[in-house]
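Here is the structure we will look at.
In this text the structure is predicted, and so the values were computed from the model without any measurement. Just so you know, ligand 1 is whichever comes first in the structure, and atom 1 is the first atom listed for that ligand.
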Amino acid sequence: MSSESAVLLETISFAAEKHRCQRRKDPEGTPYINHPIGVARILSHEGGITDIEVLQAALLHDTVEDTDTTVEELETVFGNTVSRIVQEVTDDKSLPKHERKRLQVEHAPYCSHQAKLVKLADKLYNLRDLNRCTPVGWTPERVQEYFVWAAEVVKGLRGTNPVLEVKLLQLFNERGLEI
Ligand SMILES: [Mn+2]
């Protein structure tokens, strides 16, 4: 086995352990790990990304925000670049939700190219998921608001990956949104 394959398996295993008790918000309660795996697959399969550190960061992108994982831990296990990308895509949970969402819009243009890729794939996965089914407790208005907000974030990520961006634009257009 190539060393990159081994590294990816180590990363998937780490993320699966960290997210082991979490579920998505869909009515079926899909295991949370399906999301980071799906985000990494969008990058590799659709975006043509082969940068192993981007794929690792995609697999780990919600570990600091949503589990007990620290940036220092990621740095020790996976190195400086992977931990930096994850840190870039991690919201500051000490801030109110509205403020976190506003900061995502504001910071998007200034993220590294690698972090922008993870953000694009994360948004594409989540928007497709919202089209597939509505999260428990969400109204159609809340779903539409999420699309509006995501379009604002994606606006700041343009020029990063044409394939992913075209797919996102199609989803926004279906919702009557222009970016
Ligand atoms: Mn995510």
Side-chain angles (χ1 to χ4, degrees), residues 8 11-47 49 51 53-71 73-74 78 81-95 97-108 111-138 142-143 145-157 160-161 164-165 167-168 171-172:
L8 272 185
T11 312
I12 293 168
S13 173
F14 182 97
E17 287 297 326
K18 291 293 189 177
H19 290 296
R20 72 155 58 229
C21 299
Q22 293 172 326
R23 304 259 159 187
R24 297 284 286 173
K25 292 173 189 157
D26 58 336
E28 298 94 341
T30 301
Y32 197 86
I33 191 64
N34 283 40
H35 167 63
I37 291 174
V39 171
R41 184 177 184 271
I42 285 173
L43 286 167
S44 130
H45 187 74
E46 301 182 55
I49 301 304
D51 180 343
E53 289 172 322
V54 171
L55 299 178
Q56 285 182 275
L59 290 166
L60 298 166
H61 79 274
D62 279 328
T63 57
V64 173
E65 197 167 302
D66 293 336
T67 78
D68 63 2
T69 309
T70 62
V71 172
E73 185 180 3
L74 292 184
F78 299 109
T81 305
V82 171
S83 68
R84 191 256 306 149
I85 301 168
V86 174
Q87 190 169 17
E88 282 187 87
V89 302
T90 297
D91 286 349
D92 180 351
K93 280 239 171 150
S94 70
L95 299 172
K97 190 166 184 188
H98 183 264
E99 180 68 359
R100 299 202 305 258
K101 298 205 122 194
R102 193 186 66 76
L103 286 173
Q104 275 207 40
V105 175
E106 197 178 302
H107 291 163
C111 288
S112 68
H113 180 76
Q114 291 170 309
K116 284 179 178 174
L117 285 169
V118 175
K119 280 175 166 279
L120 282 173
D122 185 37
K123 293 290 177 285
L124 187 51
Y125 184 103
N126 284 336
L127 297 178
R128 284 174 175 167
D129 223 21
L130 286 174
N131 281 341
R132 183 181 64 85
C133 66
T134 306
V136 177
W138 282 41
R142 184 165 173 195
V143 172
E145 275 168 30
Y146 190 95
F147 273 82
V148 170
W149 166 75
E152 287 302 308
V153 178
V154 168
K155 221 182 258 184
L157 302 170
T160 303
N161 183 283
L164 301 187
E165 286 164 54
K167 292 180 181 202
L168 281 158
L171 295 183
F172 294 133

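Put simply, the angle at the Mn ion (ligand 1) from NE2 in His61 to NE2 in His35 is close to 90°, to the nearest 10°.
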(request) Let me see the working for Asp122 and Lys119 under salt bridge (charged side-chain N to carboxylate O under 4.0 Å, His left out), right down to the final yes or no. (result) CA-CA 5 Å; Asp122 185 37; Lys119 280 175 166 279; over 6 Å; no

(request) Dump the intermediate steps for side-chain hydrogen bond (donor to acceptor under 3.5 Å, both in side chains) on Asp66 and Gln22, then the final yes or no. (result) CA-CA 9 Å; Asp66 293 336; Gln22 293 172 326; 5.6 Å; no

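Asp62 has its closest N, O or S atom to the Mn ion (ligand 1) at the position named OD2. Taking the Mn ion (ligand 1) as reference, Asp122 places its N/O/S atom OD1 nearest.
In this structure, Tyr146 OH and Asn126 CG are separated by 4.0 Å, a value rounded to the nearest 0.5 Å. Atom CD1 of Ile33 and atom CD1 of Ile12 lie 8.0 Å apart (nearest 0.5 Å).
Note on Glu65: not counted as a metal contact of the Mn ion (ligand 1), no N/O/S atom lying under 2.8 Å.
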